[in-house]
Structure formats: structure tokens, C-alpha cells
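Just below is one structure, and these are the notes that go with it.
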Amino acid sequence: KVHAMVDSMNQILPSPDDARAALREADSRAATVRRADSQFRPILLLITAMYLVIAALLSANPRGGNLMIGDAVIATFLAGTIGGLYLTWRMRAWSRTGIGWFVGSVLAFLVWNGAVIWVSVATGWWGAHSPGIHFGGSAGVAVIPLVVAAWLLGRR
């Protein structure tokens with residue numbers, strides 16, 4: 001049984017109890033979507049892990065002379081891409097804000113990564129005779145936006 005009032009323009013207005021119930025339902029659904037947005041977190045962490053594993057492989061052999069390392073880089077990239085697509089496929093709901101956070105995080109990573117690469121080359125951190133650990137160190141700095149974004153998405 002729904003209690004309603006009729007205003008002067010013949011519109012049916014919900015009772016205060018019905019309005020409160022509708023607001024609780026809307027809050028519940030909004031919370032569900034915010035929790036669904038946190039599903040972007042494992043995707044960001046997967047991108048981070050994939051980047052760091054590839055950096056570690058390239059750091060182990062900075063001159064690129066080992067075919068097995070090249071194959072491992074390709075396998076890591078493919079496994080990460082397939083894993084990311086699988087995690088995306090499993091998502092049932094998300095908000096525009098969640099997508100914005102995800103895309104913004106990846107864009108921030110790309111810009112930051114470009115800056116890290118530029119600074120590494122410009123300062124001589126990366127050079128013809130630099131040890132491979134320099135590349136790995138730069139990669140560790142480059143993933144900061146992804147890690148921060150994953151942490152922030154987990155808190156939403």
C-alpha cells in the first residue's frame with residue numbers, strides 16, 4: 001500500500017517514508033557501483049606488474065642479446081594483455097567516474113613514463129655503458145602513477 005499526496009498540479013508525491021526508502025535504495029546502488037569501480041584496481045596492478053617484470057627481464061640483459069629474454073618479454077606482454085582483457089570482461093558494472101580514473105591513471109603513467117625516460121637519457125643515467133639496474137630503477141620510478149591510482153581506487 002503506497003501512501004501518496006496529490007499536489008496542486010495533480011502530481012502524485014511520495015510519502016516521506018517512501019521518499020526515505022527510495023533514497024536508501026539509491027545510496028545502496030551508488031555504493032554498489034563505487035565498489036564495482038574498485039575492479040579497475042587489479043587491472044592497474046596487473047599493468048604495473050607486467051611493466052616491472054619486463055623491466056627486470058630487460059635489466060638482466062640490457063644489450064638485448066639473449067633470445068630467451070626476448071621470448072620472455074613477449075610472453076609477459078601477452079599474458080598481461082590476456083589477463084587484463086579477462087579482468088575487464090568479468091566486470092559487470094562501472095561508473096563514468098571509474099572509467100575516468102582508470103583512463104586518467106594510464107594517461108598519467110604514459111606522461112610520467114615519458115618524463116622518466118627523458119630525464120634518464122638527458123642526465124646520462126641511461127647510457128651505452130650503464131648497468132642494467134639503471135633501467136630497472138627508472139621503471140620502478142615510472143610505475144608510481146599506477147601504484148598511487150590503484151591505491152586510491154581501492155579506497156573509494
Side-chain angles (χ1 to χ4, degrees), residues 14 18-156:
D18 291 338
R20 281 189 287 278
L23 286 173
R24 279 192 302 273
E25 177 68 20
D27 285 343
S28 171
R29 291 183 187 253
T32 301
V33 170
R34 279 192 301 276
R35 280 191 302 275
D37 285 344
S38 69
Q39 295 176 90
F40 286 112
R41 184 181 192 193
I43 298 170
L44 290 171
L45 293 174
L46 179 69
I47 293 169
T48 302
M50 181 175 63
Y51 191 80
L52 290 175
V53 167
I54 290 172
L57 288 168
L58 294 176
S59 292
N61 188 16
R63 305 297 177 258
N66 188 331
L67 186 60
M68 288 179 58
I69 288 180
D71 291 344
V73 166
I74 292 170
T76 302
F77 180 78
L78 289 175
T81 301
I82 291 168
L85 290 173
Y86 174 73
L87 290 172
T88 304
W89 177 70
R90 287 190 50 213
M91 293 177 71
R92 298 289 180 232
W94 55 84
S95 69
R96 284 185 220 156
T97 304
I99 291 174
W101 266 97
F102 178 74
V103 171
S105 302
V106 172
L107 289 175
F109 163 69
L110 292 174
V111 170
W112 179 254
N113 187 40
V116 168
I117 291 170
W118 184 84
V119 168
S120 295
V121 172
T123 61
W125 177 255
W126 288 3
H129 302 293
S130 300
I133 193 71
H134 286 203
F135 183 78
S138 295
V141 172
V143 296
I144 289 172
L146 293 174
V147 173
V148 169
W151 176 71
L152 289 173
L153 273 172
R155 295 185 65 206
R156 281 181 46 101

- Rounded to the nearest 0.5 Å, what's the gap from CZ on Phe40 to CG on Leu153? Could you check? 8.0 Å

- Message: Which residue is it: Leu52, Thr81, Val53? I am looking for the one with a side chain to side chain contact (heavy atoms under 4.5 Å, CB included) to Thr76.
- Response: Val53

- Just grab all the side chain to side chain donor-acceptor pair (under 3.5 Å) pairs involving residues 104-121, residues at least two apart or on different chains. Tyr51-Asn113, Ser120-Ser138

- Indicate the atoms forming the closest heavy-atom contact of Leu57 with Val73, along with that distance. CD1-N, 3.8 Å

- Supply the atom-to-atom distance Ile99 CD1 to Met91 CE, rounded to the nearest 0.5 angstrom. 7.5 Å

- Starting from the C-alpha separation in whole Å, work towards a yes-or-no answer on side-chain contact (heavy atoms from CB on, under 4.5 Å) for Leu44 and Val106. CA-CA 8 Å; Leu44 290 171; Val106 172; 4.2 Å; yes

- Might you point out which heavy atoms bring Leu46 and Gly84 nearest each other, and give the distance in Å? CD2-N, 3.1 Å

- Query: Can you tell if the side chain of Phe109 reaches within under 4.5 Å of the side chain of Thr48, non-hydrogen atoms only?
  - Reply: no

- Message: Checking Leu78 now: which residues fulfil side-chain contact (heavy atoms from CB on, under 4.5 Å) with it, not counting sequence neighbours?
- Response: Ile74

- Is the shortest heavy-atom distance from the side chain of Val147 to the side chain of Trp151 under 4.5 Å? no

- Could you tell me which non-hydrogen atom of Ala142 sits nearest to which non-hydrogen atom of Val116, and how far apart they are? CA-CG2, 4.2 Å

- Item | Distance in Å, Ile43 CD1 paired with Leu85 CG, rounded so as to fall on 0.5 Å steps | 9.0 Å

- Message: Holding to ring pair (Phe, Tyr, Trp, His ring centres under 6.0 Å), I want the full list of residues that pass it with Trp125, two or more places apart in sequence or in another chain.
- Response: His134

- What one should report as the nearest heavy-atom pair of Gln39 and Arg90 is OE1-O, 4.3 Å

